[in-house]
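Presented below is the structure to which this report refers.
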Amino acid sequence: PADYLPVTPKNGSWAVWLGGDDGEVSYIRQNVTIPTNAPYLTYWHWISGAEYLCGWDFGGVGINGEWYHAYDLCEQYFTGDWVQYAVDMSEYKGKTVDLDFVAVTDDEPDTHSNLFIDVVAFSSAVPYGAIELNTETRNELLRGPYSTASGKERSHFLTSNLHAPSKSHAAGLFQQP
């Protein structure tokens with residue numbers, strides 16, 4: 001619950017907390033079918049931590065165990081509050097995929113980053129004010145599987161009732177379009 005999070009959830013009393021430790025690969029996963037009439041994955045995130053250099057800690061969205069869209073988790077991009085993102089998933093419309101939210105931190109002591117995720121949904125368009133992540137804004141340096149990164153791996157697989165254990169508890173994370 002919110003009592004155990006260092007940030008207040010955007011909505012409700014739970015949010016996903018990824019990262020937060022040094023040398024970690026953490027992700028939360030759900031098997032979903034990308035709606036043909038609502039191909040934009042929308043979510044709110046909050047980035048914080050102690051990593052002041054970019055290029056070492058990363059977060060983002062994964063499809064079937066590989067990076068789909070990644071961004072730096074570093075001081076330059078710390079949000080200080082919830083920011084809404086939208087990812088165009090049109091290339092997967094009508095397909096069933098394993099959808100992940102991911103954080104990867106380097107093993108440098110005391111420079112870990114945190115990625116908090118809340119209010120995840122599919123939409124027919126980019127919501128007003130949301131930052132659109134598309135192929136032009138992808139981090140081209142991050143391709144392939146994130147599960148092979150060095151460090152501890154902590155994964156949480158969402159069950160049908162959308163419940164995940166530990167820091168990445170996400171009851172009610174996905175909302176229907």
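Note: hydrogens, waters and symmetry copies are ignored here, and every other heavy atom, side chains too, is used. For clarity, every value in this text was computed on a predicted model and none was experimentally measured.
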Quick one, [X] and [Y] - any side-chain contact, counting heavy atoms below 4.5 Å?
X: M89; Y: I63; result: yes
X: N114; Y: S48; result: yes
X: E24; Y: T105; result: yes

Residues clustering with Y128 (ILVMFWY side chains joined when closer than 4.5 Å, directly or via others): none
Heavy-atom closest pair, residues L73 and A103: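 Closest heavy-atom pair between L73 and A103: CD1-CB, 4.2 Å.
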Contact summary for G62 and V102, nearest pair of heavy atoms: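 Here G62 and V102 meet closest at N-CG2, 4.2 Å.
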Parallel, tilted or perpendicular, as decided by the 30° and 60° cut-offs, for the rings of Y85 and H45: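 H45 vs Y85 ring planes: tilted.
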For H112, the option from D107, D106, D22 that meets side chain to side chain contact (heavy atoms under 4.5 Å, CB included):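 Testing H112 for a side chain to side chain contact (heavy atoms under 4.5 Å, CB included) against D107, D106, D22 leaves exactly one candidate, D22.
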Examine [X] and [Y] and state if one hydrophobic cluster contains both, with Ile, Leu, Val, Met, Phe, Trp and Tyr joined whenever side-chain heavy atoms are less than 4.5 Å apart.
X: Y27; Y: W56; result: no
X: I131; Y: L115; result: yes
X: F122; Y: V126; result: no

Tell me every residue that passes side chain to side chain donor-acceptor pair (under 3.5 Å) with [X], counting only those two or more places apart in sequence or in another chain.
X: Y40; result: none
X: S90; result: D88
X: T79; result: none
X: T33; result: T96

Qualifying residues under ring-ring contact (aromatic ring centres under 6.0 Å, His included), relative to W82, sequence neighbours excluded: W46
Residues in ring-ring contact (aromatic ring centres under 6.0 Å, His included) contact with Y92, at least two apart in sequence or another chain: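 For Y92, the residues satisfying ring-ring contact (aromatic ring centres under 6.0 Å, His included) (neighbours in sequence not counted) are Y68.
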How long is the straight-line distance from [atom2] of [Y] back to [atom1] of [X], given to the nearest 0.5 Å?
X: I117; Y: K10; atom1: CD1; atom2: NZ; value: 13.5 Å
X: D98; Y: N64; atom1: CG; atom2: CG; value: 5.5 Å
X: K93; Y: I34; atom1: NZ; atom2: CD1; value: 11.5 Å
X: E75; Y: D57; atom1: CD; atom2: CG; value: 12.5 Å
X: W17; Y: S26; atom1: CH2; atom2: OG; value: 11.0 Å

Candidate list F58, Y43, F116, Y71, test ring pair (Phe, Tyr, Trp, His ring centres under 6.0 Å), partner F101, passing option: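 By the ring pair (Phe, Tyr, Trp, His ring centres under 6.0 Å) criterion, F101 pairs with just one of F58, Y43, F116, Y71: Y43.
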Partners passing side-chain contact (heavy atoms from CB on, under 4.5 Å) against Q84 (at least two apart in sequence or in another chain):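 Applying side-chain contact (heavy atoms from CB on, under 4.5 Å) to Q84 gives T42, W44, P127, A130.
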Qualifying residues under side-chain contact (heavy atoms from CB on, under 4.5 Å), relative to Y77, sequence neighbours excluded: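 Residues passing side-chain contact (heavy atoms from CB on, under 4.5 Å) with Y77: C54, D72, C74.
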Pairs involving residues 10-41, ordered by first then second residue, that meet disulfide bond (SG atoms under 2.5 Å apart) (sequence neighbours left out): none
Disulfide bond (SG atoms under 2.5 Å apart): pairs with one or both residues in residues 12-42, sequence neighbours excluded: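 Checked against disulfide bond (SG atoms under 2.5 Å apart) - neighbours excluded - no pair reaches residues 12-42.
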